[in-house]
Amino acid sequence: MSALTRSSAWQALAAHQRRIAPSSLGALFAADPSRAAAFTLETGEILLDYSKHRIDAEAMRLLAALAAQARLQDWIAKMFSGDPINSTEERAALHVALRSRDAAFPQGRDVMAEVRTARERLRGFVGEAHGGTLKGANGRAITDVVNIGIGGSDLGPRMVTRALRAFRKPAPRLHFVSNIDPADLDATLADLAPETTFFIVASKTFTTAETLENARRARTWLAAALGGAADLSRHFAAVTANVAGAAALGVPQERVFPMWDWVGGRYSVWSAVGLAVALAVGVDAFEELLEGAHAMDTHFRTEPIERNIPAVLALLEIWYVNFFGAQTRAVIPYCEDLRDLPAYLQQLEMESNGKRVDRDGSEVDYDTAPIVWGATGTPSQHSFHQLLHQGTRLVPVDFIVTQASNPSGARTALAANALAQAAALAFGNPVPGAAHRTLPGNRPSSTIVLKRLAPRALGQLIAMYEHKVFVEGIIWNINSFDQWGVEHGKTLARTLTPLLLESGRPADLDSSTLTLLARLRKHD
Ligand code: F6P
């Protein structure tokens, strides 16, 4: 048994779960008319109603004790002071510095001067693009920008740009390409004119195969249209920690924006990886996004565990994963512009906490990150909600709802649907004599209300999830900031690529892979 599962805090939670499991959410609400108020927290533009969870005050007290046992407050202090908490890579995890105004980060070198310089350079570049002075090789103003990146160099800017559609500047138009499947880039380029198209190659390492291949193909596309003699470098910027890699692709030095080893890819939207966002909505809106995240950082740093929104969300996740056996959590934004949020959170949560050994390298004897999935409501109601209501699995849900600034019939219906789903999950619908029509209820959900879908609120929302992931990692005693699990697949793919082209010698491969390779080599 691990120290965690042996601990008195863990054992007390297991005992309490056995006490509370038979009670229904309906009964818990009936017993306490002020339950909603007791289990609602608010900060800035975010409200969290967690009353529809299978908890009582004692459960929350015991969960907070678990966090205290893990010395959560000390770890928060370590992260914010730049300690190398990413132990396997001996790096700090200082994404909070990217949205800080002037804080010093005493444990590492102070990064704020570099952060401020990068922000100023970003402002200058976006000014060029919006002022019409960003021009391609033949002197025409850029109208379209394609962000080429993958994982954290794609999902963040893509999700935020989509979420802030209402704030978009008229030009340039933004596009996102991540897949090494040529269909992705080809479909994007089909509608674009080479002379007015610009590419941001976003890659912290500048070694990621998908991104480098797409960047090379983009260059070939430009060269074919503009001629080999054209100055193609005028069509490229890069965001990377690998300056030499960007130079090798022909990106001019003044258009290489920095990334740092103390920022993880999935935490990088606040850096120049957010260049696409700033181009889409302007630097002022981008800075509001940072301020929103900074406000959540302050909340996270200063509020006690019981009133700390990211901590409470993390503790609820632990409650279901480790004490109720939940395997997944659904994220359902009732907001079309948050369509890409589930995919973003999949990387943030599963790449961070999809780990099976603890910080000392010992295999854990408890579950870590659940599978995160989801889609926007209301379309999701007509696909997978059936399972949520009547299936055999316990799936806690995050409902994300925005307050409408000018309510219309459709917007009101949208919010009504979100509330209806949360209530139906919690309280069910018994139909006597008709088991097939009965909704058992007692299915938990959080309702997260944003005052409006605007940069500041979005910044708070994203930072809230980042810190939730952090708290879980601390309690599960895992390193949330590495991702060694994805490396081996990359290496294998590099080995197999020449074999598919018939130019390599079969390595020591299993019969299944060899047979499939032979099949995929046949092109007729
Ligand atoms: O998928 C693994 C990963 O390393 C992610 O962590 C990262 O966000 C992504 O690849 C892209 O990496 P890079 O920005 O270095 O191209």
Side-chain angles (χ1 to χ4, degrees), residues 85-95 98 118 122 146-161 176-181 184-185 199-219 236-249 251 255-277 340-355 368-369 371-372 462 465-466 469-470 473 478-494:
I85 58 172
N86 174 357
S87 49
T88 59
E89 298 177 306
E90 292 176 26
R91 293 174 181 170
L94 257 184
H95 43 286
L98 298 169
L122 185 134
V146 182
N147 187 84
I148 297 178
I150 198 163
S153 299
D154 167 72
L155 292 164
R158 184 193 288 263
M159 182 275 283
V160 173
T161 300
F176 294 87
V177 170
S178 65
N179 201 330
I180 200 165
D181 183 341
D184 195 5
L185 184 68
F199 296 91
I200 302 170
V201 185
S203 175
K204 177 177 165 181
T205 57
F206 235 80
T207 57
T208 304
E210 292 91 334
T211 301
L212 294 186
E213 175 64 13
N214 279 324
R216 272 186 225 113
R217 293 187 70 241
R219 212 182 156 82
F236 284 94
V239 185
T240 187
N242 177 357
V243 178
L249 189 81
V251 183
R255 295 252 169 93
V256 179
F257 293 88
M259 258 289 274
W260 300 278
D261 67 2
W262 41 266
V263 182
R266 53 195 176 273
Y267 300 87
S268 67
V269 69
W270 324 101
S271 72
V273 168
L275 182 56
V277 176
D340 295 331
L341 183 68
Y344 173 80
L345 291 180
Q346 283 180 324
Q347 188 201 14
L348 177 64
E349 303 205 22
M350 297 201 278
E351 199 171 73
S352 296
N353 284 344
K355 309 282 165 69
T368 57
I371 296 155
V372 179
I462 303 169
Y465 277 114
E466 285 179 348
V469 165
F470 174 78
I478 56 179
N479 179 2
S480 303
F481 297 105
D482 62 8
Q483 58 284 318
W484 295 101
V486 293
E487 294 308 321
H488 183 56
K490 293 184 194 173
T491 311
L492 267 184
R494 274 197 293 273

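For ligands, and for the atoms within them, numbers begin at 1 and follow the listed sequence. Worth saying up front: this structure is predicted, and the values here are computed from it rather than measured.
For atom 15 (O) of ligand 1, the nearest protein heavy atom (residue, atom name, distance) is T205 OG1, 2.6 Å. What sits closest to atom 8 (O) of ligand 1 on the protein, heavy atoms only, is G152 N, 2.7 Å. The protein heavy-atom contact nearest to atom 14 (O) of ligand 1 is S153 OG, 2.7 Å. Here the heavy atom of the protein found nearest to atom 12 (O) of ligand 1 is T208 OG1, 3.5 Å. Scanning the protein heavy atoms around atom 6 (O) of ligand 1, the nearest turns out to be E351 OE1, 2.7 Å. The nearest protein atom to atom 11 (C) of ligand 1, hydrogens excluded, is given as I150 O, 3.2 Å; this is a heavy-atom distance.
E210 approaches I150 most closely through the heavy-atom pair CG-CD1, 3.6 Å. Considering every non-hydrogen atom in both A202 and S153, the closest pair reads O-CB, 3.2 Å. For A238 against A246, the heavy-atom pair with the smallest separation is CB-CB, 3.8 Å.
By the 6.0 Å contact criterion, CD on E487 is enclosed, its count of non-hydrogen atoms from other residues, nucleotides or ligands being greater than 12.
In this structure, F199 and F236 have parallel ring planes: the angle between them is below the 30° cut-off, well short of the 60° mark.
The closest heavy-atom contact to atom 4 (O) of ligand 1, among the options K204, M259, K490, comes from K490.
Considering backbone and side-chain N/O of Q347, one or more are found under 3.5 Å from N/O of ligand 1.
The salt bridge (charged side-chain N to carboxylate O under 4.0 Å, His left out) test applied to R219 returns no partner, not counting sequence neighbours.
Close approach of ligand 1 to S203 is summarised as follows: ligand atoms under 4.0 Å from at least one heavy atom of the residue are 13 (P), 14 (O), 15 (O), 16 (O).
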Inset, instruction - Take N353 and S480, measure what side-chain hydrogen bond (donor to acceptor under 3.5 Å, both in side chains) needs, and give me the verdict at the end. - result: CA-CA 5 Å; N353 284 344; S480 303; 2.7 Å; yes
